[in-house]
Number of protein chains: 2
Amino acid sequence: METRRIDPVNCSVARALSVVGERWSLLIVREALDGARRFGDFHSRLGIARNLLATRLETLVTAGVMRRVPYQEPGDRRRFAYELTEQGRALRPTLVALLEWGDTYLADPQGPSVIVRHRPVDDASSCDEPVKVVLECAAGHSHLAPEDVCRTPGPGARFVESS
Amino acid sequence: METRRIDPVNCSVARALSVVGERWSLLIVREALDGARRFGDFHSRLGIARNLLATRLETLVTAGVMRRVPYQEPGDRRRFAYELTEQGRALRPTLVALLEWGDTYLADPQGPSVIVRHRPVDDASSCDEPVKVVLECAAGHSHLAPEDVCRTPGPGARFVESS
DNA sequence: GGGCTGAGTTGAAGAACTAAACCCATAAAG
DNA sequence: CTTTATGGGTTTAGTTCTTCAACTCAGCCC
């Protein structure tokens, strides 16, 4: 029997992974969300090989996730920093989801090493409660369980035949 | 089989990525969420090399993301299928977040190829609206922007020296 | 000039990925 | 009872990615 299925490779998940699916990309984005800006920041925080860091940063810049901005500190030469674009900051939910999953199933015996809180950086005034990622539908139903959702073809769907 | 696992940083994101951060792992989980069960399902849907699929499935099984279950179809020999554990199904929000990010920034010109809807598989009765992932804090503030959250140390935090 | 620092490059070794051929057990066909 | 087909892998060979360490380069500081 032939069935038509959504082409699994023509899919935003696959495209997203082709940009941030490499071993270090999401960790680089995570450090950037946490304030890393310079080559050496990323290198020393992550322990990634320098050449790999260079090519990853370049990949992320050409993909539009990060931006290479010149800067100059007084009494120092002109250098480059890497900062997230809006596209890069939009990866926050993905990282929170991964963090939550890791905390739940691969936890350090001492508990999570990082907690994401509801507070803009450098603003001590707001609510500060831990943040979770939840699935919510357009009709307003929130906290959907993984079983409560399914994939359906969208306008850009390609189909493949399979037996 | 020996698995490498170079815990780069003590963080659940890094630990999560050491399980599902390899090139195909999340796509395998995605196909499983969409109903793939057998070796050949994954192979034909994804086009992944067979040996790699075999080791990925083994990795996912030993990591507790999938389970290897024997089954037998009438008039056929006993075979094995791979199904997600609860831990594996819990990756749904991560995949929805990646899908959303890909749809927003790497979209196919025709629009998304996949839409996730609020409906249990094979239940035509429920609301069917598209699903999004949102950040929500324990105090009930919902739809937090990436800028509204920050990382803070948790009970299991390790600290490293850096200059 | 000589040394130091941040920001990379280069190169060799090893690990991971790909593709294609091969293997094995069962079952169905001849 | 031999042959062929099929699902589910394993082997092998070749290519690409990662890693680590060593090297370069430009500008500041003495």
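Since the structure is predicted, the reported quantities are computational estimates derived from the model, not experimental observations. By convention in this document, chain letters (A, B, ...) are assigned in the order of the sequence lines, proteins followed by strands, and residues within each chain are numbered from 1.
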What is the distance from [atom1] of [X] to [atom2] of [N], rounded to the nearest Å?
X	N	atom1	atom2	value
Leu53(A)	dC20(D)	CG	P	13 Å
Arg37(B)	dG8(D)	CZ	C1'	15 Å
Leu46(A)	dT18(D)	CG	C1'	15 Å
Leu27(A)	dT19(D)	CG	C1'	16 Å
Ile48(B)	dA16(C)	CD1	C1'	12 Å
Arg23(A)	dG14(C)	CZ	C1'	13 Å
Arg79(B)	dC24(C)	CZ	C1'	11 Å
Leu52(A)	dC20(D)	CG	C1'	11 Å

**Item:** Qualifying salt bridge (charged side-chain N to carboxylate O under 4.0 Å, His left out) pairs, either residue in residues 92-114 of chain B, two or more places apart
**Value:** Arg158(A)-Asp108(B)

**Asked** Any salt bridge (charged side-chain N to carboxylate O under 4.0 Å, His left out) pairs touching residues 48-57 of chain A, not counting sequence neighbours?
**Response** Glu22(A)-Arg56(A)

Check nucleotides 10-14 of chain D against the protein and report each pair of N or O atoms closer than 3.5 Å, with its distance, or say if there are none.
residue	atom	partner	partner atom	Å
dT12(D)	O4	Asn51(B)	ND2	3.2

Within less than 4.0 Å of OP1 or OP2 of [N], is there a side-chain N or O belonging to [X]?
X	N	value
Trp24(A)	dC17(D)	no
Tyr71(A)	dA7(C)	yes
Tyr82(A)	dG8(C)	yes

**Item:** For His43(B), ring pair (Phe, Tyr, Trp, His ring centres under 6.0 Å) partners two or more places apart
**Value:** none

**Message:** Looking only at the side chain of Arg68(A) (C-beta and beyond, no hydrogens), which of the listed nucleotides dT18(D), dG8(C), dG8(D) gets closest?
**Reply:** dG8(C)

**Message:** Counting only side-chain heavy atoms from C-beta out, which of dC17(C), dG8(D), dT18(D) sits nearest to Glu22(B)?
**Reply:** dC17(C)

**Request:** Just jot down the salt bridge (charged side-chain N to carboxylate O under 4.0 Å, His left out) partners of Arg79(A), sequence neighbours excluded, or say none.
**Result:** Asp76(A)

Residues in side-chain hydrogen bond (donor to acceptor under 3.5 Å, both in side chains) contact with [X], at least two apart in sequence or another chain:
X	answer
Glu147(B)	Arg89(A)
Glu58(A)	none
Glu83(B)	Arg37(B)

**Request:** Flag yes if Leu144(A) and Val134(B) sit in one hydrophobic cluster, no otherwise; membership is Ile, Leu, Val, Met, Phe, Trp, Tyr, and two members link when side-chain heavy atoms are under 4.5 Å apart.
**Result:** no

**Prompt:** For Phe42(B), which contact category applies under a 4.0 Å heavy-atom criterion: base, sugar-phosphate, or nothing?
**Reply:** nothing

Atom pairs, N/O to N/O, protein against nucleotides 25-28 of chain C, distance under 3.5 Å?
residue	atom	partner	partner atom	Å
dA25(C)	N3	Arg77(B)	NH1	3.0
dA28(C)	OP1	Gly75(B)	O	3.2

**Check: Thr85(A) side chain, Arg67(A) main-chain N or O, donor-acceptor pair, under 3.5 Å** = no

